[in-house]
Amino acid sequence: MGLSKLNSLYREVILDHSDHPHHKHQLDHADKTITLKNPTCGDVINLEIELTDDDKIKNIGFTGDGCTISQSSASMMTDAVMGKSKEDALHMAKTFSDMVMGKEHPQADLDQLEDAAILSSIMSFPARIKCATLSWWALQRALLGENGAQTTEKED
């Protein structure tokens, strides 16, 4: 595939996720919630996660405002981690963060990221890395219960 066609595909996927984000809604029953802000550009992600009893992501949703990259990355992230175990989702968050910083990973790890793997080229735009990683950091912090993540107790 030529570079021009690849750039066009990249833009299409980014714009589609930004214009029609997946899982952009609040959850009725969240076990983990967190709000992260990117002070550099004003992006805000409110992430909510509902887990199963065996720590798989049963449901995930996000709200907030931000640039095209932050909103599309959040949409891609929610698609990729839905149904995954907490451990797998944390591994995916690390893979994504490493990928946009230019670190290499096995193709199988990158394939797990689904559409989000297309954001690997964001490393060419250092000012946009924080935009792309905001939702992935929120995922990691929420699942680990760190830095402002609130955990709610499940009701039976």
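- Other residues, nucleotides and ligands place no more than 12 heavy atoms under 6.0 Å from the NZ atom of K130.
- The stretch residues 63-87 participates, sequence neighbours left out, in no ring pair (Phe, Tyr, Trp, His ring centres under 6.0 Å) pair at all.
- Once rounded to the nearest 0.5 Å, the distance linking OG1 of T68 with CG of D19 reads 7.5 Å.
- A 4.5 Å side-chain heavy-atom check between S75 and H20 finds every atom pair outside the cut-off.
- Every residue two or more places apart in sequence or in another chain that forms a salt bridge (charged side-chain N to carboxylate O under 4.0 Å, His left out) with K94 is listed here: D98.
- Residues M123 and M76 do not share a hydrophobic cluster, defined by chaining ILVMFWY side chains whose heavy atoms lie under 4.5 Å apart.
- Within the 3.5 Å criterion, the main-chain N or O of A30 finds no donor-acceptor partner in the side chain of E50.
- Checking side-chain atoms of S73 against main-chain N and O of S70 turns up no donor-acceptor pair under 3.5 Å.
- Among residues two or more places apart in sequence or in another chain, the side chain to side chain contact (heavy atoms under 4.5 Å, CB included) test is passed with A93 by W136, L139, Q140.
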Residues 58-66, side-chain donor-acceptor partners within the protein, below 3.5 Å, at least two apart:
{"from": "T63", "atom 1": "OG1", "to": "N46", "atom 2": "ND2", "distance (Å)": "3.1"}

*Run the numbers on I69 and I122 for side-chain contact (heavy atoms from CB on, under 4.5 Å), then give the verdict.*
CA-CA 9 Å; I69 297 294; I122 206 77; 4.0 Å; yes
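- Residues passing the side chain to side chain contact (heavy atoms under 4.5 Å, CB included) test with D55 are L51, K86, sequence neighbours excluded.
- Proximity of T35 to I45: side-chain heavy atoms (C-beta onward) are nowhere separated by under 4.5 Å.
- Counting heavy atoms of neighbouring residues, nucleotides and ligands inside a 6.0 Å radius, atom CD of E104 does not exceed 12 of them.
- Checked by atom type and distance alone, the side chain of S18 never pairs as donor or acceptor with a backbone atom of I14 at under 3.5 Å.
- Between the CE atom of M99 and the CD1 atom of I118 there is a distance of 10.0 Å, given to the nearest 0.5 Å.
- Of all heavy-atom pairs between L90 and L144, the closest is CD1-CD2, 3.8 Å.
- Atom OG of residue S85 and atom NZ of residue K56 lie 7.0 Å apart, to the nearest 0.5 angstrom.
- Contacts of K84 classified as side chain to side chain contact (heavy atoms under 4.5 Å, CB included), with partners at least two apart in sequence or in another chain: D88, M92, Q112, E114.
- Using a 4.5 Å cut-off between side-chain heavy atoms of Ile, Leu, Val, Met, Phe, Trp and Tyr, with links allowed through other members, I34 and V44 fall into different hydrophobic clusters.
- Side-chain atoms of T95 come within 3.5 Å of backbone atoms of H91 as a donor-acceptor pair (strictly under, hydrogens ignored).
- Hydrophobic clustering (side-chain heavy atoms under 4.5 Å, transitive across Ile, Leu, Val, Met, Phe, Trp, Tyr) groups V13 together with F96.
- With hydrogens and angles left out, the side-chain atoms of H17 and S72 include no donor and acceptor closer than 3.5 Å.
- One hydrophobic cluster, built from ILVMFWY side chains closer than 4.5 Å, cannot hold both L36 and L27; they sit in different ones.
- From L113, atom CG reaches atom NE2 of H105 across 8.5 Å, with rounding to the nearest 0.5 Å.
- Heavy-atom minimum distance, L47 versus A138: CD2-C, 3.7 Å.
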*Given K32 and E48, is the side-chain contact (heavy atoms from CB on, under 4.5 Å) satisfied, shown in steps?*
CA-CA 6 Å; K32 308 261 184 195; E48 298 179 322; over 6 Å; no
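- Using a 4.5 Å heavy-atom cutoff, the side chains of P21 and Q71 are not in contact.
- Taken from SG in C131 to CG in L119, the straight-line distance is 11.0 Å, to the nearest 0.5 Å.
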